Amino acid sequence: MEKPAWRINFNTMNGPASKILITLPEWSSTRKWIFRFIFVFVLLFILSVPFPHPYLLNPPSVVSPFFENLVKWTGDHVFKIRHPYSNRLISDSTGLYIHLAILFFISLITAVAWGIIDKRKKSYPILAYWFRVGISYYLAFYLMSYGFNKLFKRQFYIPEPNTLFTTMGNTYRDLLYWSSMGVSRPYNIFLGSLELLAGILLLFRKTRLIGSLLAISILLNIVAVNLSYNINVKIFSCFLLWLALLVMAPAAKRLYNFFFTGNKMPAAAWEPQYVSPVMSRVYITGKVLVIGYMLWCLLVVYIKSGNFNDDQATRPPFHGAYEVISFSKNNDTLPPLLSDTYRWKRVFIHRRGYFIIQFMNDDMQDYDLYCDTLKKAWYIQKTTDKTEAVLQYRQTTDTTIRLTSKIGIDSLHIDLLRIDLSKLPLLQKEFSWTVDESIQER
């Protein structure tokens, strides 16, 4: 016969203080060992792997240098990696994979030591409950962060001009996925709303289970996309999916019975139900403060910038794509031959300060760009060998620009015609209910 684990005093709303006996089943040795291991591993991962947010406390920034040195030593002396690799704990780096192995070993040793020290403990219901609450809030924060990023087009933005003129065959899969997502704001709103809803549901005890199920479905898709399109957040997305599964785990048997056996769902896993009014007020106040701080961290970025739709955000001067309609070298006009690797075909001004040249053979060269509007000059520097050049510009009309420059011994005169990107098929806001309408539109 099981013995009551403890006795809790609580005040009822309409009567004097009462007592309740809570009887808890004893955990098996295997369950206790698995819980200790998971608890330590998750805690170490959260505290050591940096996925920073501008306004959120960032403990990994303090401890990650120690672990990066440990990763370097482990990679060199234990795994004996001879080729160059990054020991930084950044997304999907070799160092992060080594770090996971280190965390696995530390968690294993800690779980064994914990079990020896605390071998009389029959179960960890309170620690397990608050562990579940903690990872629910952690998971909720990142789901809401990604949700707001999609709602306000901060994550998937409209493709940059150079991307729009890069052929599909020359585009990497991750950029192709990013670009296709960026051209559809309605789908961003749909997916972002689901992530935001899952995050909100995870914050409350009564909706935590359905929130975890929604989070699992969302994160399964995200993990599949990251693996299929080679997007470099594979480890972190898998970690978030694992957390969602851990939040759902206490109700796994209930869900199985509900969906597959038709039996009545058994009682939920133990959760603290009876607390005094004072403790209840403290708990509610703390919860409101934590959720308020999370929302402030997530929204202050958009409030400060005033950017709630990146599609309509102000772009830097001259941002866009330009067709090269005339290209003269030493007063000799070069014809637009597709085999020419010197003549420019198009020029692109990137929003992040890049000047990009597309040559006639469609190869592209990136330059860092600084625009001096007073001197009417573009200062460009090649990102590889730091070669510099100055392009004097003169706007001849609203849509045309003349560039003059001296590069080496060659003098260049280049005429540019601004391309209206809104006319490109990819950026059309087309929608048809029937195939007949679609055919007529095209």
Side-chain angles (χ1 to χ4, degrees), residues 149-150 152-185 188 229 231-232 301 305-307 309-325 327 341 343-395 398-405 407 412 414-427:
N149 283 345
K150 291 179 179 65
F152 302 140
K153 289 298 297 290
R154 183 182 175 90
Q155 183 178 11
F156 297 117
Y157 38 80
I158 288 180
E160 282 298 300
N162 60 299
T163 303
L164 291 170
F165 285 90
T166 303
T167 61
M168 181 180 291
N170 289 325
T171 305
Y172 290 103
R173 282 180 292 171
D174 57 345
L175 182 57
L176 184 62
Y177 176 80
W178 225 257
S179 300
S180 61
M181 288 288 292
V183 298
S184 176
R185 186 156 193 249
N188 274 270
Y229 286 87
I231 298 174
N232 290 328
V301 176
S305 66
N307 182 9
N309 180 4
D310 190 75
D311 290 353
Q312 299 175 357
T314 303
R315 299 298 192 261
F318 304 106
H319 175 267
Y322 298 85
E323 196 78 34
V324 177
I325 56 178
F327 189 96
T341 59
R343 188 191 188 279
W344 301 359
K345 182 179 183 179
R346 295 187 186 95
V347 166
F348 308 102
I349 306 295
H350 194 283
R351 67 186 297 182
R352 301 195 185 281
Y354 296 111
F355 181 88
I356 303 166
I357 299 170
Q358 183 179 28
F359 298 100
M360 291 303 300
N361 64 349
D362 287 335
D363 287 345
M364 292 193 185
Q365 177 64 58
D366 297 355
Y367 295 83
D368 294 323
L369 171 66
Y370 170 72
C371 178
D372 190 331
T373 55
L374 294 178
K375 295 183 178 180
K376 294 188 179 300
W378 293 342
Y379 298 89
I380 63 174
Q381 183 182 71
K382 190 180 290 187
T383 55
T384 51
D385 59 11
K386 304 303 180 182
T387 303
E388 297 180 344
V390 180
L391 304 174
Q392 299 291 148
Y393 70 86
R394 179 169 61 89
Q395 288 189 271
D398 290 340
T399 58
T400 58
I401 297 175
R402 163 153 283 209
L403 300 178
T404 58
S405 180
I407 300 179
L412 302 179
I414 306 162
D415 290 319
L416 308 178
L417 175 64
R418 187 181 185 90
I419 300 171
D420 187 353
L421 299 178
S422 65
K423 301 288 182 63
L424 294 177
L426 185 64
L427 300 185

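All figures in this text were calculated on a predicted structure; none of them were measured in a lab.
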Inset, instruction - Please assess F348 against Y354 for the test side-chain contact (heavy atoms from CB on, under 4.5 Å), listing each intermediate value before the final yes or no. - result: CA-CA 8 Å; F348 308 102; Y354 296 111; over 6 Å; no
Legend entry - From CA spacing to verdict: side-chain contact (heavy atoms from CB on, under 4.5 Å), D363, T341: CA-CA 8 Å; D363 287 345; T341 59; 5.8 Å; no
Quick one: does [X]'s side chain have a donor or acceptor within less than 3.5 Å of a partner on [Y]'s backbone?
X    : Y    : result
T399 : L417 : no
S184 : S180 : no
D415 : T400 : no
K153 : G182 : yes

Tell me the closest heavy-atom pair linking [X] and [Y], and the distance in Å.
X    : Y    : answer
D372 : Y393 : O-OH, 4.0 Å
I419 : E323 : CD1-OE1, 3.5 Å
D420 : S422 : OD1-OG, 2.6 Å
I349 : P317 : CG2-O, 4.1 Å
A321 : F165 : CB-CE1, 3.8 Å
E160 : H350 : CG-NE2, 3.1 Å

To the closest 0.5 Å, what do you measure between [atom1] ([X]) and [atom2] ([Y])?
X    : Y    : atom1 : atom2 : answer
R185 : Q312 : CZ    : CD    : 7.0 Å
R315 : D310 : CZ    : CG    : 5.0 Å
I407 : I380 : CD1   : CD1   : 6.0 Å
Q392 : R402 : CD    : CZ    : 13.5 Å
F156 : N149 : CZ    : CG    : 9.5 Å
I325 : I414 : CD1   : CD1   : 11.5 Å

Could you check whether any side-chain heavy atom of [X] comes within less than 4.5 Å of a side-chain heavy atom of [Y], counting everything from C-beta outward?
X    : Y    : answer
Y322 : R418 : yes
R343 : V324 : yes
T171 : W178 : no
I158 : L421 : no

Inset, instruction - Please report the C-alpha distance between L403 and W344 in whole Å, then the side-chain angles of each, then the deciding distance to 0.1 Å, and finally whether the side-chain contact (heavy atoms from CB on, under 4.5 Å) criterion is met. - result: CA-CA 12 Å; L403 300 178; W344 301 359; 4.3 Å; yes
Legend entry - Given L416, L391, N162, the one that forms side chain to side chain contact (heavy atoms under 4.5 Å, CB included) with V347: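 Single pass found, and it is L416.
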Legend entry - Polar side chain donor-acceptor pair, K150 to Q155, under 3.5 angstrom: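 There is such a pair (donor and acceptor under 3.5 Å, judged by atom type) between the side chains of K150 and Q155.
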Inset, instruction - For residues Y370 and W378, establish whether the separation of their ring centroids is below 6.0 Å. - result: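 No - the distance between ring centres of Y370 and W378 does not fall below the 6.0 Å cut-off.
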Inset, instruction - Classify the ring geometry between Y177 and Y229 as parallel (under 30°), tilted (30 to 60°) or perpendicular (over 60°). - result: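 Ring orientation, 0 to 90° scale: tilted.
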Inset, instruction - Tell me, with the steps shown, if N170 and M364 meet side-chain contact (heavy atoms from CB on, under 4.5 Å). - result: CA-CA 11 Å; N170 289 325; M364 292 193 185; over 6 Å; no
Legend entry - Residues which pass side chain to side chain contact (heavy atoms under 4.5 Å, CB included) with D385, listed by chain and number, not counting sequence neighbours: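 Checked D385 against side chain to side chain contact (heavy atoms under 4.5 Å, CB included); matches are K382, T387.
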